[in-house]
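Take a look at the structure set out below.
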Amino acid sequence: AQKVTQAQTEISVVEKEDVTLDCVYETRDTTYYLFWYKQPPSGELVFLIRRNSFDEQNEISGRYSWNFQKSTSSFNFTITASQVVDSAVYFCALSEFRNTGFQKLVFGTGTRLLVSP
Amino acid sequence: ETGVTQTPRHLVMGMTNKKSLKCEQHLGHNAMYWYKQSAKKPLELMFVYSLEERVENNSVPSRFSPECPNSSHLFLHLHTLQPEDSALYLCASSRDSNYGYTFGSGTRLTVV
């Protein structure tokens, strides 16, 4: 069965600090997809990134970066120079490859990030 | 209008009431989902509709009844709920198998 573990329940940092959110996953599939979503207080989960299992290149998007390591089944997310607007709950998710027209994402329990001024 | 829209944003209902949650997407997606988000629990997949056909029902109690009249609309009909059903109910849609979801803002449901 697929499983996603986000061991950090809550992280508090001061603005401008760098912070890394951990994500460890379990799957028996060789082809799968990993995602990160951000959930601000408004409730909507906002898509941040999608990565397939064959692409282990790290990705950077502005202050955000992701480190995918298949050897340790981890897909960690780093925010550089954090800002108050980064305060939210962040979810890591996993889905197996399907060609059926829909997919099933398995989510971790989320990490609440609090960035104070 | 773009994205996934859920109404109402907040709902308080008694255990004997009947109410419905509505979800609408104008993204041309062909699959829609209901998730339940309770405090300190992972997001729970409740139902999946693909091309308006229900393809997944994750042992959800019959007091929750989904309906998908067309590819743009999804409903969750609620009746005789319990206080433990209080949660954030999230709707999502996707265009195919592997690109992830677009979520709505959710309906915060309180059962009293």
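Naming convention: chains lettered A, B, ... in sequence-line order (proteins, then strands); numbering from 1 in each chain.
B:Tyr33 contributes a side-chain N or O that, together with a main-chain N or O of A:Gln103, makes up a donor-acceptor pair within less than 3.5 Å.
Ranking A:Asn52, A:Thr109, A:Leu105 against chain B, the residue ahead of the rest is A:Leu105, based on heavy-atom pairs under 4.5 Å. Between chain B and the residues A:Phe91, A:Phe35, A:Tyr37, the largest count of heavy-atom pairs under 4.5 Å involves A:Tyr37. The most heavy-atom pairs under 4.5 Å with chain A, out of B:Ala31, B:Gly104, B:Gly106, come from B:Gly104.
Environment of CZ in A:Arg112: sparse, with no more than 12 heavy atoms of neighbouring residues, nucleotides or ligands closer than 6.0 Å. More than 12 heavy atoms of other residues, nucleotides or ligands lie within 6.0 Å of CD in B:Glu84, so this atom counts as buried by the packing criterion. Annotation: B:Glu53, atom CD; neighbour count of heavy atoms from other residues, nucleotides and ligands within 6.0 Å does not exceed 12. Counting heavy atoms of neighbouring residues, nucleotides and ligands inside a 6.0 Å radius, atom NZ of B:Lys19 does not exceed 12 of them.
Neither the backbone nor the side chain of A:Gln6 comes within less than 4.5 Å of any heavy atom in chain B. Neither the backbone nor the side chain of B:Arg108 has a heavy atom closer than 4.5 Å to any heavy atom of chain A. Within the 4.5 angstrom heavy-atom criterion, no atom of B:Gln6 approaches chain A.
Hydrophobic clustering of Ile, Leu, Val, Met, Phe, Trp and Tyr side chains at less than 4.5 Å, counting indirect connections, keeps B:Met46 apart from B:Phe103. The hydrophobic cluster containing A:Tyr64 does not contain A:Tyr33, counting ILVMFWY residues as joined when their side-chain heavy atoms lie under 4.5 angstrom apart, directly or transitively. The hydrophobic cluster containing A:Val24 does not contain A:Ile11, counting ILVMFWY residues as joined when their side-chain heavy atoms lie under 4.5 angstrom apart, directly or transitively. Note on B:Tyr89 and B:Val48: separate hydrophobic clusters, where clusters join Ile, Leu, Val, Met, Phe, Trp and Tyr whose side-chain heavy atoms are under 4.5 Å apart, directly or indirectly. When hydrophobic clusters are built by joining Ile, Leu, Val, Met, Phe, Trp and Tyr residues whose side-chain heavy atoms come closer than 4.5 Å, directly or via intermediates, A:Leu94 is grouped together with A:Leu48.
In the model, A:Gln39 has a side-chain atom that pairs as donor or acceptor with a side-chain atom of B:Gln37 under 3.5 Å.
Between A:Phe47 and B:Thr102, the closest side-chain pair of non-hydrogen atoms is not below 4.5 Å.
For the atom pair OH of B:Tyr99 and OG of A:Ser95, the computed distance is 11.5 Å after rounding to the nearest 0.5 Å.
For A:Phe107 and B:Tyr35, the distance between ring centers is under 6.0 angstrom.
In terms of heavy-atom proximity, A:Ser42 sits nearest to B:Arg9 at O-NH2, 2.8 Å.
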Exercise for the section: I would like to know whether A:Leu45 and B:Leu43 meet side chain to side chain contact (heavy atoms under 4.5 Å, CB included); could you show each step before the answer? Expected result: CA-CA 11 Å; A:Leu45 273 79; B:Leu43 280 135; 4.1 Å; yes
